[in-house]
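A short write-up of the structure that comes next.
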There are 2 protein chains.
Amino acid sequence: MTAPRGSVKGIKGPATLEDVAREAGVSRALASLVMRQKPQVSEERRARVLAAATKLGYRPNAIARSLASRRSSTVGVLLNDLHNPFFAEIYDGIEQVARRRGYRILLSTGGRSRAREEAALEAFLESRVDGLILVSTLLTEAKINQAASMAPVALVSRTSRSPVVDSVLTDDVLGAELAVAHLIELGHRRIVHIDGGRNPGSRPRRKGYERAMDAAGLKRLVISGDFSESGGAEAAGRLLALAETTTAVLTSNDMAAAGVMDRLAEAGYSIPGDISVVGYDNTSLAQMRQVNLTTINQPRGEMGRLAMQAVLERIEGGRTKAVSHVTTPTLVVRGSTGPAPGSS
Amino acid sequence: MTAPRGSVKGIKGPATLEDVAREAGVSRALASLVMRQKPQVSEERRARVLAAATKLGYRPNAIARSLASRRSSTVGVLLNDLHNPFFAEIYDGIEQVARRRGYRILLSTGGRSRAREEAALEAFLESRVDGLILVSTLLTEAKINQAASMAPVALVSRTSRSPVVDSVLTDDVLGAELAVAHLIELGHRRIVHIDGGRNPGSRPRRKGYERAMDAAGLKRLVISGDFSESGGAEAAGRLLALAETTTAVLTSNDMAAAGVMDRLAEAGYSIPGDISVVGYDNTSLAQMRQVNLTTINQPRGEMGRLAMQAVLERIEGGRTKAVSHVTTPTLVVRGSTGPAPGSS
DNA sequence: CCTCCTCCTGAGAGCGCTCTAATCTTGCTC
DNA sequence: GAGCAAGATTAGAGCGCTCTCAGGAGGAGG
């Protein structure tokens with residue numbers, strides 16, 4: 001038994017506003033006003049239209065609505081990696097605001113590939129999203145600016161010199177400094193930084209490390225890595241091969257830190273007995289007791305919320321001046337850091 | 001300096017197909033044929049249209065296209081929890097097929113709340129998605145069937161008696177049996193199951209546990225839990241309070257297993273020395289050396305791919321008979337399981 | 001009882017594109 | 001060179017909705 005679709009004659013799709021209006025005995029325009037909850041409709045008519053809509057199982061066609069109103073009420077969100085729990089919480093913040101304000105979210109992932117991010121961006125633009133949130137994107141400035149000429153853009157965890165793009169970031173220089181200060185306080189002197197390669201956010205973290213090390217008069221050593229577990233493990237391998245005596249490692253994200261810890265443990269080092277490890281992001285991963293990682297927290301939910309709000313301010317509020325929200329990172333001490341060996 | 005949008009007169013938006021056609025000196029219909037890569041167009045005209053499109057920076061309006069063609073080329077994907085890495089990989093599989101076949105994905109998360117899932121479903125339907133993939137959804141059969149009357153639906157990790165809905169699942173009964181068999185082989189006799197509460201997939205896993213225990217003539221003990229770390233920890237707490245002597249715990253997902261391990265370790269038990277723990281899903285979490293969890297693998301990427309293919313078969317192939325793909329789980333032995341204490 | 005205002009209501013013109021049906025070209029055949 | 005099939009191109013009618021605007025219904029004021 002197939003469910004009867006729509007109403008009266010022949011093969012008709014879902015009920016349209018026209019059908020509802022006819023059923024209620026009013027004009028299509030009036031029915032439209034009711035569906036959009038406009039005030040200038042008499043209670044009696046409103047009730048009649050609503051009843052008709054329910055009777056016919058009417059469901060507004062968002063596509064037609066978008067075409068006619070020239071607004072899609074949709075914001076495109078581009079995450080570069082769904083697997084990183086860091087992004088899930090940013091998404092939560094975005095989603096929360098979107099839901100409250102009646103916006104839909106079109107989500108895409110770049111899969112850590114620039115080409116795929118470009119394709120996703122193009123798809124967003126074709127879908128005529130009203131706004132765009134690019135999280136830790138790999139896109140070039142040029143592409144971002146081009147997109148910004150079509151719809152408001154907010155960047156998360158990525159800076160931009162563009163005057164037409166909003167951004168939400170954490171003071172990563174400070175974050176890294178916090179981490180290094182913590183290690184120094186624990187007596188560490190040989191502190192290595194495994195950086196995040198070309199990922200956005202990687203550079204300021206390295207800079208914070210360098211600045212803090214310089215300020216303390218300590219020798220810097222940076223090993224290149226990336227934002228993944230395997231990248232961290234691989235970098236740790238290279239660190240071990242250097243035969244440098246190191247007592248602490250600052251990584252540039254938690255996943256990389258987990259990889260580093262793996263590799264070090266495998267090589268027989270005890271953490272934090274022999275080597276202390278600090279991550280970055282305070283993802284759910286770091287919070288797990290088995291990982292128990294000292295790390296730098298970024299207020300992710302808040303960041304997502306700020307980004308969505310920034311976009312909405314441009315869409316609905318007409319703001320045109322770029323804003324940049326810089327949130328403050330905090331140090332979260334857990335079990336992966338301890339006194340430097342030999343320092344009483 | 002604001003970027004000039006579109007072309008000629010006044011405040012015009014982005015270039016339209018009409019503009020392109022005019023620029024190329026052909027009809028709108030012809031330009032449309034070119035944009036849709038239809039073959040019946042002479043090379044000369046095709047090139048002219050393409051050149052005009054490039055010149056004007058034309059970008060097809062997906063909304064207008066959807067309205068006119070009555071297909072959105074979009075599939076809605078509802079994940080119930082973005083934080084569970086299990087879902088990220090299913091999404092990868094879905095996305096991979098979607099990309100290859102030219103479909104967009106509209107993603108929503110239910111946030112583990114049925115009300116929010118219902119709202120998300122409604123939004124999908126209003127957006128006139130061509131198909132729907134519900135992953136481990138909390139939605140009622142009635143809602144699912146109603147949705148299925150509007151667009152093809154595929155369920156992942158959730159069964160349905162409905163004859164109009166496709167489903168992709170893992171043989172969870174077998175999975176749990178595999179886990180129990182493994183534990184028995186290691187000499188365990190007192191094996192407790194911490195189940196997944198009302199989450200889809202939880203029931204067959206419990207059934208597999210019960211069946212395997214019965215078959216071995218062992219006493220069953222099920223403690224209710226859920227699919228989260230905190231739920232696992234909490235259930236482990238209740239297990240400890242029972243003062244039962246237990247040597248092995250089978251949880252119903254990896255996150256819960258991590259919570260269980262936390263709680264047990266905190267209570268002074270060594271894993272797997274005193275108690276063995278088995279998870280379920282083989283998420284990236286289980287693979288981490290720090291967690292190193294013996295677990296049951298589900299072919300997630302494959303499951304996502306199958307779901308997307310099933311939906312496409314209905315959209316494009318016109319299939320109407322329901323299919324149900326059952327994938328085979330496998331046991332992945334890691335460090336969280338070992339011989340039962342006392343069994344040589 | 002008529003005018004002016006304030007509210008409502010309904011007609012109609014699109015939004016940018018697809019798609020069917022009709023028209024126009026060509027290239028062949030005989 | 002007429003006749004015609006096959007291929008290339010175009011006109012035109014929507015898809016379902018929003019939105020502007022003219023016009024109608026009441027009520028207050030004169």
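The chains referred to below are lettered A, B, ... by the order of the sequence lines, with proteins before strands, and numbering in each begins at 1. Because only heavy atoms are used, hydrogens play no part in the values below, and waters and symmetry mates are left out as well, while side chains stay in. Predicted model only: the values in this text are computed from it and were never measured.
Residue B:Ser69 has no polar side-chain atom (N or O) positioned under 4.0 Å from OP1 or OP2 of C:dT18. Side-chain nitrogen and oxygen atoms of A:Arg70 include none within less than 4.0 Å of the OP1 or OP2 phosphate oxygen of C:dC15. In terms of phosphate contacts, B:Arg28 brings no side-chain nitrogen or oxygen within less than 4.0 Å of OP1 or OP2 of D:dA11. The side chain of B:Ser32 contributes no N or O atom lying less than 4.0 Å from OP1 or OP2 of C:dC19. At the phosphate of C:dA11, neither OP1 nor OP2 sits under 4.0 Å from any side-chain N or O atom of A:Ser27. OP1 or OP2 of D:dT10 has at least one side-chain nitrogen or oxygen of B:Arg45 nearer than 4.0 Å.
The distance from atom NZ of A:Lys38 to atom P of C:dT9 is 15 Å, rounded to the nearest whole Å. Atom CD of A:Glu18 is separated from atom C1' of C:dG12 by 12 Å (rounded to the nearest Å). In this structure, CG of B:Asp130 is placed 18 Å from P of D:dC15, rounded to the nearest angstrom. Going from atom CZ of B:Arg48 over to atom P of D:dA8 covers 15 Å, rounded to whole Å. Straight-line distance from the CE atom of A:Met35 to the P atom of D:dG16: 15 Å, rounded to whole Å. When the C1' atom of D:dT9 is taken as reference, atom CZ of B:Arg46 falls 13 Å away, rounded to whole Å. In this structure, A:Arg22 atom CZ and C:dA11 atom C1' are separated by 16 Å, rounded to whole Å. Rounded to whole Å, atom C1' of C:dG10 lies 13 Å from atom CG of A:Leu17.
Between B:Arg101 and B:Glu316, at least one side-chain N (NZ, or NE/NH1/NH2) sits under 4.0 Å from a carboxylate O, which counts as a salt bridge.
In this structure, of C:dC19, C:dC17, D:dT9, it is C:dC17 that holds the atom nearest to the side chain of B:Ala64. Looking at the side chain of B:Arg65, the nearest of the listed nucleotides C:dC17, D:dC17, D:dA8 is C:dC17. In this structure, of D:dT9, C:dG10, C:dC17, it is C:dC17 that holds the atom nearest to the side chain of B:Asn61. Here C:dT9 is the nucleotide among C:dC17, D:dT9, C:dT9 with the atom lying nearest to any side-chain atom of A:Leu30. With distances taken from any side-chain atom of B:Ala29 to the nucleotides D:dC19, C:dT18, D:dT10, the minimum falls on D:dT10.
The 5' end of DNA chain D is approached more closely, in terms of each residue's nearest nucleotide, by B:Val41 than by the other of B:Val41 and B:Ala68.
Looking at A:Thr137 and A:Glu117, their side chains do bring a donor and an acceptor atom within 3.5 Å of each other.
Contact of the A:Arg128 side chain with the A:Ser66 side chain is not registered, since no non-hydrogen atoms from C-beta on lie closer than 4.5 Å. Between B:Ile94 and B:Val156, the closest side-chain pair of non-hydrogen atoms is not below 4.5 Å.
Here the side chain of B:Thr16 pairs a donor or acceptor atom with the backbone of B:Glu18 at under 3.5 angstrom.
Residue B:Leu67 is classed as a base contact, given a heavy-atom separation below 4.0 Å to a base.
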(Q) As a quick check of understanding, evaluate side chain to side chain donor-acceptor pair (under 3.5 Å) for A:Glu95 and B:Thr109, giving each step before the final call. (A) CA-CA 9 Å; A:Glu95 203 265 343; B:Thr109 52; 4.7 Å; no

